[in-house]
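Step one of this worksheet: look at the structure below.
Remember, it's 1-based here, ligands and their atoms both numbered in the order they're listed. FYI, the numbering just counts along the sequence from 1.
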Amino acid sequence: MGIITGGVGFFDSGLGGLNVLDACPFLHSSFPVYYYGDNQNAPYGNKTKEELAPLVFSAFDCFAKLNACAAVVACNTVTALFIDELRARYPFPVVGTEPAVLTAARRGGEVLVLATNATVNSARMRALATRAEKSFLDCTVRLCGCGALAGEIERHVLDEKYDFTPFFPKGRPSSVVLGCTHYAYVKKEIADFYGCEVVDGAEGIANRLLSLLKTLPKPTGKEALSYLPQKPSVFPSFFTDEKRLEKGRKIKKFRWHFPLYFLGSGGLQNLNFHKRMFVFKTNGKKVVKKSQKF
Ligand code: DGL
């Protein structure tokens, strides 16, 4: 069985982009999704642009082979460094991820943006901070690179006892903006640590993607690609949890219109993690989410 072409690509260094995918339940009824996670090379945030370029372009070449109708860079770091090149190089529209600094700045006070070092040092991020300060004179934007945090989350997110707070920079901001998609997994810990509102951009990205997809024809599901250099891990459109069935527990079934394909060096890992965090929500303490509609 081939992989259905014409879907929507999601790209992140690892687990972080699944937060963005989870904010897009409208995809399930209309488009196949290719989640490309490069977990074996994560974290990206301490790498140079030269080191990242081949990794990023091989993910997008894969979306191009699959004739993707659109792609989401579900990664602030890659958006900050590559979004213009990706838009120029590929035939499909590319939606980027940008920290919701303007949303937070509107409320005034000190806006603390937590992001990877690469994002914080990028010209794009600095321009956004300056724009926010110019547009809202009663706000200051503080950009903070949390060097090791994304990698720690990648490794320890399922460990409920793990303490991430040593990786949070000190401060008393009026609001915190999440500038890395991995950080959404520790949103509650961040809110408790700073005692203020934490702003996440995932819904903004979902809205941009939704308006874009409304302008595109839906795939028929008839065209499939039989060969890709890497075999995808597939979360099927009709899914029964066999283990629960064996144990005589309540059977859960999910019906999506198209399968969700997991590609990249973290294929199987991301499939299992997605199932656990977002489908069965067996680690509900970490992710505070609205319930997903199937
Ligand atoms: N999740 C990514 C971001 O939003 C990258 C984190 C990393 O790999 O360092 O920046």
Side-chain angles (χ1 to χ4, degrees), residues 9-24 35-60 71-83 85-86 94-101 112-126 128-129 143-157 164 167-169 176-187 189-190 198-206 208-209 262-267 269-270 273-274 277-278 286-287:
F10 273 70
F11 175 57
D12 183 39
S13 63
L15 303 170
L18 290 170
N19 284 304
V20 182
L21 178 60
D22 187 54
C24 304
Y35 185 89
Y36 192 114
D38 190 17
N39 308 50
Q40 278 173 28
N41 291 302
Y44 274 13
N46 297 325
K47 289 190 163 61
T48 63
K49 189 167 178 188
E50 291 64 39
E51 286 170 323
L52 292 176
L55 308 174
V56 173
F57 293 130
S58 59
F60 272 72
V72 178
V73 184
C75 174
N76 293 261
T77 307
V78 173
T79 302
L81 299 179
F82 290 96
I83 192 79
E85 281 165 69
L86 292 172
V94 181
V95 176
T97 299
E98 206 162 58
V101 180
L112 173 64
V113 183
L114 303 180
T116 65
N117 294 345
T119 300
V120 162
N121 294 328
S122 69
R124 198 179 176 88
M125 183 69 243
R126 292 193 179 262
L128 178 62
L143 304 177
C144 257
C146 308
L149 183 57
E152 292 295 309
I153 293 172
E154 190 75 30
R155 281 188 294 278
H156 302 289
V157 65
F164 291 98
F167 302 95
F168 301 162
V176 174
V177 172
L178 302 183
C180 169
T181 52
H182 278 67
Y183 301 171
Y185 295 114
V186 294
K187 186 173 177 179
E189 287 86 337
I190 291 174
V198 178
V199 185
D200 178 3
E203 255 169 53
I205 306 160
R208 282 209 301 284
L209 180 64
F262 288 88
L263 293 156
S265 63
Q269 177 186 349
N270 291 331
F273 183 80
H274 163 80
M277 284 296 250
F278 297 104
K286 287 278 174 209
V287 183

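- Between F82 and F11, a ring centre-to-centre spacing not shorter than 6.0 Å is recorded.
- Below 30°, between 30° and 60°, or above 60°: for F278 and F273 the angle between ring planes is above 60°, a perpendicular geometry.
- Partner of H182 under the side-chain contact (heavy atoms from CB on, under 4.5 Å) criterion, chosen from N19, N76, D12: D12.
- The environment of CD in E51 is crowded: more than 12 heavy-atom neighbours from other residues, nucleotides or ligands sit within 6.0 Å.
- The contact shell of ligand 1, taken as protein residues with any non-hydrogen atom closer than 4.0 angstrom, comprises D12, S13, P43, Y44, G45, C75, N76, T77, T116, A150, C180, T181, H182.
- Side-chain contact between L209 and F10 is present, with at least one heavy-atom pair separated by less than 4.5 Å.
- Under a 4.0 Å N-O distance rule, the pair K49/E85 qualifies as a salt bridge.
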